[in-house]
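Reading through the structure tokens given below for one structure.
Predicted model only: the values in this text are computed from it and were never measured. Quick note on labels: first sequence line is chain A, next is B, and so on, each numbered from 1.
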There are 2 protein chains.
Amino acid sequence: MNSSESVLEMTVDSVLETIPAAWDRIRSNLRAAATGKFDITLEQFHVLRHIRQGWSTVGDLAEKKQISRSAVSQAVDVLVAKGLVTRCQESEDRRFVRLELTPHASEVMDANFAENRVWMKEKMASMSIEELNTIRQAMAVLKNTFVPGKP
Amino acid sequence: MNSSESVLEMTVDSVLETIPAAWDRIRSNLRAAATGKFDITLEQFHVLRHIRQGWSTVGDLAEKKQISRSAVSQAVDVLVAKGLVTRCQESEDRRFVRLELTPHASEVMDANFAENRVWMKEKMASMSIEELNTIRQAMAVLKNTFVPGKP
DNA sequence: GCTTATCTGTTAAGTACCTTAACCATAATA
DNA sequence: TATTATGGTTAAGGTACTTAACAGATAAGC
């Protein structure tokens with residue numbers, strides 16, 4: 001299986017070479033939109049995004065972002081102070097704190113997403129349908145491999 | 001062109017949904033290897049990597065990573081103190097400072113890369129040849145679109 | 001039932017990395 | 001030559017992360 005081994009290695013290299021670099025660019029644009037138009041940082045925006053996706057406790061978010069629970073707790077402090085998130089003790093197991101978005105947070109997120117989408121679409125507009133489909137298939141496989149399922 | 005428009009939007013969404021999340025996971029592993037086995041942070045490792053790829057002045061690195069020149073300058077300070085990088089004034093235009101890796105830096109990088117590759121290969125070992133090829137093609141297109149060419 | 005262990009989340013102290021603004025040295029330009 | 005532009009550094013300040021120590025709630029052992 002020397003051939004497939006070589007394909008695996010080449011693919012690993014292509015991922016390690018592309019993902020961090022592409023993310024540097026995309027993040028730079030996301031950050032500009034988040035900090036320029038709205039008064040939140042990119043990291044705060046990501047926290048809001050994950051909460052909306054259903055990672056709605058401190059522990060969930062920490063696991064999702066691979067950071068400590070204390071880091072999440074501090075980030076939530078800021079979001080609560082900004083009126084974007086509410087803390088709510090769970091009734092079943094009162095150790096848990098359920099996080100919820102305020103209506104204002106949803107507005108901010110929608111506006112920011114729209115902003116980002118425009119930029120992404122401009123960048124990707126010149127791709128062929130085949131290329132787009134290839135990317136979508138690849139994203140599905142990568143997500144399946146590297147991104148843990150929802151809670 | 002409603003259909004192709006829709007494919008574009010779906011693909012944009014898949015990228016925005018996958019790249020940051022996958023990167024959180026990959027970065028977490030890279031960081032563990034860098035900080036655990038060697039005495040450098042992940043960001044320092046990335047700087048070394050970019051220098052080896054030919055982004056060998058402060059301005060180049062700043063442009064590559066989309067951060068300020070002063071941030072790069074500070075990062076280089078640390079790497080010089082650790083004996084991993086040398087500064088060298090360019091003779092043609094003496095405003096430029098050329099950065100070079102020391103032999104020790106190359107050793108550290110090779111060891112760290114080997115470490116990361118093992119983990120990546122484990123995660124991706126169950127993919128089929130077709131899936132691997134799809135990913136490689138997608139990475140090529142994304143790199144072409146989002147990652148600026150070498151200096 | 002009572003004690004101990006485990007789990008979730010917060011607080012505190014310290015570190016890494018980034019930003020903007022001001023600055024120096026060099027090079028290009030009018 | 002005087003001015004302007006460019007590459008890099010320094011300084012001051014902010015954000016987000018870490019580990020360690022802690023409080024409260026639940027589970028487990030006896």
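- Of the candidates C:dA16, C:dT19, C:dG9, the closest approach to any side-chain atom of A:T57 belongs to C:dG9.
- Atom CZ in A:F96 sits about 12 Å away from atom C1' in C:dT6, given to the nearest Å.
- Considering only side-chain atoms of B:S70, the nucleotide from D:dG8, C:dT26, C:dT19 that sits closest is C:dT19.
- Using a cut-off of 4.0 Å between Lys/Arg side-chain N and Asp/Glu carboxylate O, A:D13 and B:R136 are scored as not salt-bridged.
- For B:K65, the side-chain atoms get nearest to C:dC18 when compared with the rest of D:dT9, C:dT10, C:dC18.
- Note on A:D77 versus A:R87: salt bridge recorded, some NZ/NE/NH1/NH2 to OD/OE distance being below 4.0 Å.
- Between D:dT18 and A:Q74, no contact under 4.0 Å exists linking OP1 or OP2 to a side-chain N or O.
- Not one side-chain nitrogen or oxygen of A:S73 sits closer than 4.0 Å to the OP1 or OP2 atom of C:dG9.
- The phosphate of D:dC17 (OP1 or OP2) has no side-chain N or O of A:Q66 nearer than 4.0 angstrom.
- Within the 4.0 angstrom heavy-atom criterion, no nucleotide atom of any strand lies near A:R98.
- B:E92 comes within 4.0 angstrom of the backbone, heavy atoms only, and of no base.
- Between A:E115 and A:R31, no side-chain nitrogen of the basic residue sits less than 4.0 Å from a carboxylate oxygen of the acidic one, so the salt-bridge criterion is not met.
- When distances are taken from the side chain of B:T41 to each of C:dA16, C:dT26, C:dT11, the shortest belongs to C:dA16.
- Taking side-chain N and O atoms only, B:R87 has a distance below 4.0 Å to OP1 or OP2 of D:dT9.
- A:E90 comes within 4.0 angstrom of no nucleic acid atom, judged by non-hydrogen atoms across all strands.
- Evaluated for a side-chain hydrogen bond (donor to acceptor under 3.5 Å, both in side chains) with B:H46, the options B:H50, B:R49, B:E43 yield exactly one hit, B:R49.
- Here D:dC17 is the nucleotide among D:dG7, C:dT8, D:dC17 with the atom lying nearest to any side-chain atom of A:I67.
- If you check D:dT18, D:dA25, D:dG8 against the side chain of A:D93, the one that comes closest is D:dA25.
- An OP1 or OP2 oxygen of D:dA27 is reached within less than 4.0 angstrom by no side-chain nitrogen or oxygen of A:R95.
- A salt bridge is absent between A:R117 and B:E9; no separation between the charged side-chain nitrogens and carboxylate oxygens falls under 4.0 Å.
- Comparing B:V76 and A:V72 by the nucleotide of DNA chain D whose heavy atom lies nearest to each, the residue mapping closer to the 5' end is B:V76.
- At the heavy-atom level, A:R69 lies under 4.0 Å from base atoms of the strands shown.
- With rounding to whole Å, A:H46 atom NE2 is found 11 Å from D:dA16 atom P.
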